S.K.: 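Structure provided below as structure tokens; questions to follow.
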2 protein chains.
Amino acid sequence: MAGLQRYMAALRLFNEAQPTWTVPDMADALGAPQSTVYRTIRDLLAEGLVEASTDARYRLGPAFIEFDRLTRLTDPLLRAGAHVLEQTVAQAGLPCVGLLSRLYADEVMCIADRASGDARFFPSYERGRPMPLTQGATSKVILARLPARRLAKLLAHAGKAQDAALKSEMATVRRQGFLVSRGEIDAGLAGLAAPIVCEESGLVASLSLVVEAERLDGFSESRLVLMLVSAAAMIEKELQTTSGAPLLPREREKVAREA
Amino acid sequence: MAGLQRYMAALRLFNEAQPTWTVPDMADALGAPQSTVYRTIRDLLAEGLVEASTDARYRLGPAFIEFDRLTRLTDPLLRAGAHVLEQTVAQAGLPCVGLLSRLYADEVMCIADRASGDARFFPSYERGRPMPLTQGATSKVILARLPARRLAKLLAHAGKAQDAALKSEMATVRRQGFLVSRGEIDAGLAGLAAPIVCEESGLVASLSLVVEAERLDGFSESRLVLMLVSAAAMIEKELQTTSGAPLLPREREKVAREA
DNA sequence: CACTATTTCTCAATTTTTGAGAAAAATACG
DNA sequence: CGTATTTTTCTCAAAAATTGAGAAATAGTG
């Protein structure tokens, strides 16, 4: 294996179940000779991607926390939506976890989670955890707002068929502008989600709320959905104004010409 | 430039001031031909380390959020100390920000920050931000507990001289077990820190509290220091027992789900 | 100090990367 | 909808880096 792939293959060995590795074990797992793995580790160490632990073991390094901070500071969705997410959870009036998620490269990923003070459950979703593409309100409202071509490519890439049930659900989302699902991800929990789309920044995302299914009667459901939809709209508006980011090259040219 | 370095040099272009880049701009900044940078970006894309933004721009990708989550879940200090950090901030009784920081490869880095609800200031320190090695109580209590040899190496590597003032402060820390500094990092703020050391896991860290300097009279200072020192001791004890890695129930569930 | 475990180094063969420009693909524009 | 422009991929031989096996060095331990 060559180039970046070799380094990433080594990094992806580190996981929740086995957060530290010795070089011989890595060599086994990667099917590479130890001398090669030592070289790999040396390079990763120099870049802060791994750090030495005790007993000749290595673990993931500080570079990831550093890059994650950058991501937190610069992600347009997070910058536009963190405040609204907090408010939404505060005003929900029942134990809940709010999520901000987005299509990120080829996967749906939660990029912010916020639990109400009285939430006593833990949804599977949390910041940094990739989500199933075709399950749960959170993901489905995102897929529903994707351009048809991109959606097809995405599902093909993930090896998922686009079945009739999914299609009809996505039509529903496009019509009503939100989606509620029960027990699709975690038993006993329900998800309510509204899409967030910003053409200018090429962003397709969702704001969602996870609550205990038994607490979700018809009345609170419609109240929460209303909240979510208007909160999502606020984030969309914020995205447009905030995107006062760098002018596109062409626009800059135009401005210069007119001046 | 070769191997991993080339990829990292490209990644390190992305920063707070310029979070998105075009390939030609990257080529300029890196002094490399565009065709090479296109290849680099293609590889980074495939690994999720960058993602395509709009207008032929690229930004940091989802892989960093994913790896950061792993770090959060598996860092022994975070696992042992997150709860204590929260409690410490809650019981401080004045507006404050609590920090959990540790020596990470060659730098001191904050890995968890927690503000009290009434905190109206923002310390420079936050999760993922590397800290000055020799400034602030947070860093100094860590340096003070480092083996002399390792400290010398660290300071040499960072190009810092080990002056008399620093030496005496470190002696103070070793004697009294904590350190208080005022305005060393942020004007008007004070830092109080206690060291956390765990030989078994090779970890040297600190628990610290940032408060407004004017609110810190002699009485509250000694009260907070007492709190910090005992909280740090609790984390140390937790580190020793936890290091056998008995997963918390919620974590066990997660692992099962992922498998 | 000797013993073991860990890490770095050496070297020629092999594989990859490199850069310049051509070609292709995607996108913008009228 | 075709045309112009921008963005991205591809091609190829030369240059450079990586590879693996084992030797050598270093660190760690009783």
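Everything numeric here is computed off the predicted structure, so don't read it as measured data. Chain A is the first sequence line, chain B the second, and so forth, proteins listed ahead of strands; every chain is numbered from 1.
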S.K.: Applying side chain to side chain contact (heavy atoms under 4.5 Å, CB included), name anything that partners A:Met170, two or more places apart in sequence or on another chain.
M.R.: A:Leu143, A:Ala144, A:Leu151, A:Gln162, A:Leu166, A:Arg174
S.K.: According to side-chain hydrogen bond (donor to acceptor under 3.5 Å, both in side chains), who are the partners of A:Thr22, at least two apart in sequence or on a separate chain?
M.R.: A:Asp25
S.K.: Would you mind reading off the distance between A:Arg42 atom CZ and C:dT10 atom P, rounded to a whole angstrom?
M.R.: 11 Å
S.K.: Once salt bridge (charged side-chain N to carboxylate O under 4.0 Å, His left out) is applied, do any residues pair with B:Arg12, and if so which ones, sequence neighbours excluded?
M.R.: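 A:Glu47.
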S.K.: Given A:Ser206, which partner from the list A:Val197, A:Leu103, A:Ile142 fulfils the side-chain contact (heavy atoms from CB on, under 4.5 Å) test?
M.R.: A:Ile142
S.K.: Going by the rule salt bridge (charged side-chain N to carboxylate O under 4.0 Å, His left out), which residues pair with B:Arg145 if we only count those two or more places apart in sequence or in a different chain?
M.R.: none
S.K.: Find the distance B:Tyr7:OH to C:dT16:P and express it as a whole number of Å.
M.R.: 12 Å
S.K.: For A:Leu4 and C:dT18, give me the distance from atom CG to atom P, rounded to whole Å.
M.R.: 12 Å
S.K.: Closest nucleotide of DNA chain C for A:Ala2 versus for A:Pro24: which of these residues is on the 5' side?
M.R.: A:Pro24
S.K.: Please list, chain by chain and in numerical order, all residues satisfying side-chain hydrogen bond (donor to acceptor under 3.5 Å, both in side chains) with A:Arg39, sequence neighbours excluded.
M.R.: none
S.K.: Atom CG of B:Asp28 to atom P of C:dG19: distance rounded to whole Å?
M.R.: 14 Å
S.K.: When the distance from CG of B:Leu30 to P of C:dG19 is rounded to whole Å, what number comes out?
M.R.: 11 Å
S.K.: Residues two or more places apart in sequence or in another chain: which of them pass side chain to side chain contact (heavy atoms under 4.5 Å, CB included) with B:Arg129?
M.R.: A:Arg69, B:Ser124, B:Glu126
S.K.: Rounded to the Å, how far apart are B:Asp43 CG and C:dT16 P?
M.R.: 13 Å
S.K.: The helix from C:dC1-D:dG30 to C:dG30-D:dC1: angle between its terminal axes, five pairs each, to 10°?
M.R.: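 Between the first-five-pair axis and the last-five-pair axis there is 70°.
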S.K.: Checking contacts here: which listed nucleotide (C:dT7, D:dT19, D:dT8) is nearest the side-chain heavy atoms of A:Arg6?
M.R.: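 Closest nucleotide among those given: D:dT19.
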S.K.: Can a salt bridge be assigned to the pair B:Asp68 and B:Arg127 using a cut-off of 4.0 Å between side-chain N and carboxylate O?
M.R.: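 A salt bridge is present here (some side-chain N lies under 4.0 Å from a carboxylate O).
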S.K.: Please produce a list of atom pairs where a protein N or O lies less than 3.5 Å from an N or O of nucleotides 24-29 of chain D.
M.R.:
none

S.K.: Could you identify which residues of residues 33-41 of chain A place a heavy atom less than 4.0 Å from some atom of DNA chain D, listed by residue number, or say none?
M.R.: A:Pro33, A:Ser35, A:Thr36, A:Arg39
S.K.: I'd like to check the side-chain hydrogen bond (donor to acceptor under 3.5 Å, both in side chains) partners of B:Glu66; sequence neighbours left out, ordered by chain and number.
M.R.: none
S.K.: Using ring-ring contact (aromatic ring centres under 6.0 Å, His included) as the criterion, list what pairs up with B:Phe67, not counting sequence neighbours.
M.R.: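 A:Phe64.
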S.K.: For B:Glu107, give me all partners under side-chain hydrogen bond (donor to acceptor under 3.5 Å, both in side chains), at least two apart in sequence or on another chain.
M.R.: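 By the side-chain hydrogen bond (donor to acceptor under 3.5 Å, both in side chains) rule, B:Glu107 matches no residue at all.
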